[in-house]
Amino acid sequence: MSFQPNPGDEVVINDIAYIIGQHPAAPGLAYAQAGRQGIVYQLLPRNGSISGAKALKVFFPKFRIPAMVYQSEHMESYSELPGLQVCKRDVLTPERNGALIGKHPDLLYAVLMPWVHGLTWFDVISDQKQLTAEESLKLARALAGTGSAMEQRGLAHCDLSAPNVMIPFFSEVENLRGVSAVELVDVEQMYGSRMDRPDALLAGSPGYAAHRTVNSGLWSAYADRFAGAVIIAEMLSWSDAVIVEKAWGESYFDQHEMQTVNERYYAMRESLQKRWGSKVSDLFIRAWESHDLSSCPTFGEWFVALAAVDIHLASAASVEESEVKVSDQTNAVETNPIKGTGAGNGISDKQGIMDQNVPATEPSPGQEAVVNRLFLQARALEDEGKPAAALEVYRSLHHFIPDNSAMQVEVEAAIQELDAKLNPKHDDAAQPAKIPFYRSKKFMISSAVLIVLLAGTVPTVKILADQAEVKQKEQAAAAKQAEQKAAEEAEAARLTALKQQEEEKKQKAADAAKLDAEEKKKLAEAEKKKAEAKKKEEERKALQAKYDKQAKYEAYLAKQKQQKLEAAKKAEQEKYDKQAKYEAYLVWKKENDAKIAKQEAERKAAAEAQRKQEAAQKAALKKKRAQNVVTLIAHYNKAYNAQKGRKIENAESYARDFKNLYNTDATYFKGVGKVAARMNAINKFLSNTDYTLPNL
């Protein structure tokens with residue numbers, strides 16, 4: 001039977017009892033989330049806390065692949081990386097979980113993994129949940145750190161998108177030790193050197209896929225760079241109310257806008273420049289204007305840039321926007337200036353003074369640590385004989401090193417050396433420049449000797465000249481005698497060599513004659529043996545042919561006899577088989593008719609029970625929703641009245657009650673009357689208590 005559990009149903013996996021969780025927004029229904037490849041159910045340990053919850057992913061038939069076992073074994077080692085805890089997986093196999101799979105065949109090769117609490121980045125964008133500058137930076141750094149750790153191990157998620165990025169940072173579940181602020185899920189498409197290429201590749205999700213390169217699917221070490229750049233830019237920009245309001249819907253960009261010049265692109269680029277600095281915005285521009293995934297910035301570059309950003313710059317921009325927004329609201333309702341504006345301006349002015357005093361090129365301690373780590377990584381790649389990879393890391397590192405520093409000189413030298421090694425020039429260009437003759441060592445020594453000689457007296461020069469002439473004559477006479485002696489020795493050696501050659505020729509002729517005689521004798525003996533062997537082989541073949549002919553005749557007779565016996569036996573067996581089939585058909589027909597009638601009755605009964613259950617659930621849900629709408633309106637009215645009575649703390653308490661209740665069933669409340677408008681006003685009030693709630 002198919003796997004369609006209800007809340008509270010028990011499932012035993014590997015001798016551990018779990019119960020199916022209940023959906024928080026739909027009481028009475030199982031907590032399940034549908035994805036591209038299957039459905040994920042929440043399993044709660046019967047004897048444990050909610051922090052030990054598990055996720056059971058049941059794949060659709062197309063994605064039930066036996067190789068999932070091998071892939072999951074290799075993934076487990078990556079679960080220690082930040083943001084990849086779902087890589088700690090346990091696959092349900094027939095050998096270990098045969099009884100459970102026999103009861104529910106849909107669980108074949110299903111995966112059990114940790115349940116990640118919290119929202120998805122998709123939820124943050126869809127609900128237009130504006131973040132603070134600190135939250136934006138924390139999430140962006142966490143995602144960049146996870147991506148950098150994966151890239152260093154040659155890994156890529158290959159389907160990086162808002163629904164696959166979990167945010168445990170916003171989870172209300174406590175005691176989540178060792179959990180990153182960002183966690184990646186749906187890792188079945190992960191790329192790695194030891195991973196098998198999936199049969200069906202995904203081409204990226206709308207709003208995060210690069211249209212210039214993605215045609216037939218993503219599966220490479222560079223697959224996450226473009227989508228990661230877009231998500232990091234979204235996280236950093238989500239503290240900007242203007243960007244939040246401009247969002248397309250389920251993502252900030254519409255897929256048709258990807259890598260094109262449009263209004264949303266300019267707005268995000270300006271927001272990144274204003275809040276986080278030119279290095280961050282330049283990385284986003286590089287990714288947006290890239291022609292292939294490999295030319296997009298690495299996650300390591302993002303991590304270095306984010307480690308060096310000044311959070312006060314983004315906070316000052318937020319304060320400035322809040323002041324402008326409050327000023328506009330003040331002018332609209334013609335009220336007194338709100339308190340706190342002066343303080344906001346004080347912070348902005350103070351920040352301006354701090355920015356003037358701090359040098360722009362001075363790296364932060366976090367940046368220095370990352371720069372050193374990248375430098376060591378490049379050196380390690382160079383030692384391992386990977387010059388291309390080392391050159392890429394050096395070039396990425398070069399943009400973040402302070403000018404005129406010792407490391408800059410060393411990195412530039414390494415880049416030039418590796419570039420020359422990978423792209424060698426012509427021989428003529430590689431040859432060193434010719435040294436002028438007047439700078440050569442030989443010319444300088446000769447000049448020095450000449451100066452010494454000229455410095456002497458004239459008599460000294462004459463004596464030296466006479467001695468040189470006498471010495472030259474003696475050398476000429478000795479050379480002539482040596483030449484005569486050498487000529488005599490050469491003539492004697494030539495005569496000796498001629499005599500030796502004659503003797504060697506005679507000896508070789510004698511040896512050749514002897515070898516020729518022996519060879520002829522061997523050939524004659526070989527011919528004789530060959531003739532005898534041929535005669536024996538002919539006699540053997542004649543005798544073998546006689547035996548083969550007799551054996552074939554006897555085999556023919558035996559075959560004829562066997563065929564007659566088999567034909568008679570087959571005819572008799574066909575007669576019995578025909579009768580048995582007819583009798584079996586009568587029995588089967590009777591049982592099948594009864595079975596069909598029973599199944600039809602059971603189906604009708606089950607359908608009727610299902611219909612009644614669904615009707616009861618719908619009625620209960622409708623009643624509860626109506627009550628919740630009344631409660632929401634009451635919370636809003638209380639907040640409105642408390643604000644009117646200047647009881648801001650009470651108003652904030654009622655506003656939070658309103659928001660908590662609204663988020664339990666946000667999809668339904670959006671379409672009910674003015675509840676969505678009230679929610680929008682509540683969000684603005686909670687982000688800025690000076691905002692005046694409208695009378696709705």
Side-chain angles (χ1 to χ4, degrees), residues 1-3 58-74 91-111 194-201 216 514-603:
M1 60 184 295
S2 61
F3 188 70
V58 181
F59 294 96
F60 299 133
K62 178 181 178 181
F63 300 99
R64 293 172 193 161
I65 304 171
M68 189 75 67
V69 179
Y70 170 84
Q71 186 177 4
S72 296
E73 290 175 355
H74 288 295
V91 182
L92 275 62
T93 61
E95 293 78 7
R96 295 176 55 194
N97 313 97
L100 181 60
I101 296 174
K103 185 177 180 181
H104 302 289
D106 289 349
L107 296 182
L108 180 62
Y109 301 123
V111 173
R194 294 187 297 175
M195 300 293 185
D196 293 331
R197 188 177 188 271
D199 296 330
L201 295 179
S216 59
K514 185 177 180 181
L515 290 173
D516 188 38
E518 292 178 355
E519 188 69 22
K520 289 181 179 178
K521 183 177 180 181
K522 290 180 180 179
L523 288 174
E525 292 177 354
E527 289 292 336
K528 183 178 179 181
K529 291 181 180 179
K530 186 176 180 181
E532 293 176 355
K534 185 177 180 181
K535 183 178 179 180
K536 290 181 180 180
E537 181 65 18
E538 289 176 352
E539 292 175 354
R540 187 189 66 77
K541 287 182 178 180
L543 185 61
Q544 185 64 38
K546 182 178 179 181
Y547 291 152
D548 291 344
K549 187 175 180 180
Q550 181 65 25
K552 287 181 180 179
Y553 181 70
E554 293 176 354
Y556 171 76
L557 295 177
K559 184 177 180 181
Q560 291 292 327
K561 183 178 179 181
Q562 183 66 24
Q563 287 178 348
K564 289 181 180 179
L565 293 174
E566 290 179 353
K569 184 177 180 181
K570 184 177 181 181
E572 189 70 18
Q573 186 64 38
E574 288 178 351
K575 180 179 178 181
Y576 291 143
D577 291 345
K578 188 175 181 180
Q579 180 65 26
K581 286 181 180 179
Y582 179 71
E583 293 175 355
Y585 169 74
L586 294 178
V587 174
W588 174 83
K589 188 174 184 303
K590 182 178 179 181
E591 293 177 351
N592 190 51
D593 291 343
K595 183 179 180 181
I596 291 173
K598 182 179 179 182
Q599 289 178 348
E600 182 64 20
E602 290 177 351
R603 185 188 65 78

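Quantities reported herein were computed from a predicted structural model and do not represent experimental measurements.
- The distance from the NZ atom of Lys564 to the CD atom of Gln560 is 7.0 Å, given to the nearest 0.5 Å.
- Glu537 and Arg540 are joined by a salt bridge, as a carboxylate oxygen and a charged side-chain nitrogen come within less than 4.0 angstrom of each other.
- In this structure, the side chains of Glu73 and Val91 stay at 4.5 Å or more apart for every pair of heavy atoms.
- Taking CD of Gln573 as the reference point, atom CD of Glu566 lies at 13.0 Å (rounded to 0.5 Å).
- In this structure the side chain of Leu100 reaches within 4.5 angstrom of the side chain of His104, judged on heavy atoms.
- For Leu108, the side-chain contact (heavy atoms from CB on, under 4.5 Å) test picks out Pro94, Ile101, with sequence neighbours left out.
- For the side-chain contact (heavy atoms from CB on, under 4.5 Å) with Tyr576, the qualifying choice from Lys578, Glu572, Gln579 is Glu572, the only one to do so.
- Contact check for Glu525 versus Lys521: side-chain heavy atoms found under the 4.5 Å cut-off.
- Under 4.0 Å is where a charged nitrogen must lie from a carboxylate oxygen, and between Lys541 and Glu538 no such pair does.
- Ion pairing between a basic and an acidic side chain is recognised when a charged N comes within 4.0 Å of a carboxylate O; Lys581 and Asp577 show no such pairing.
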Please determine whether side chain to side chain contact (heavy atoms under 4.5 Å, CB included) holds for the pair Asp516 and Lys520, giving the CA-CA distance in whole Å, both sets of side-chain angles, and the decisive distance to 0.1 Å. CA-CA 6 Å; Asp516 188 38; Lys520 289 181 179 178; 3.7 Å; yes

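- Remark: Glu539 engages Lys535 in a side-chain contact (heavy atoms from CB on, under 4.5 Å) (not counting sequence neighbours).
- Scanning for salt bridge (Lys or Arg N to Asp or Glu O under 4.0 Å) contacts around Asp548 gives an empty result, with sequence neighbours left out.
- Within the model, atoms CZ of Phe59 and CG of Leu107 stand 11.5 Å from one another, a figure rounded to the nearest 0.5 Å.
- With rounding to the nearest 0.5 angstrom, the CD atom of Gln563 is 11.5 Å from the NZ atom of Lys570.
- Atom CZ of residue Arg603 and atom CD1 of residue Ile596 lie 12.5 Å apart, to the nearest 0.5 angstrom.
- Residues Tyr109 and Ile65 form no side-chain contact, since every pair of their non-hydrogen atoms from C-beta on lies 4.5 Å or further apart.
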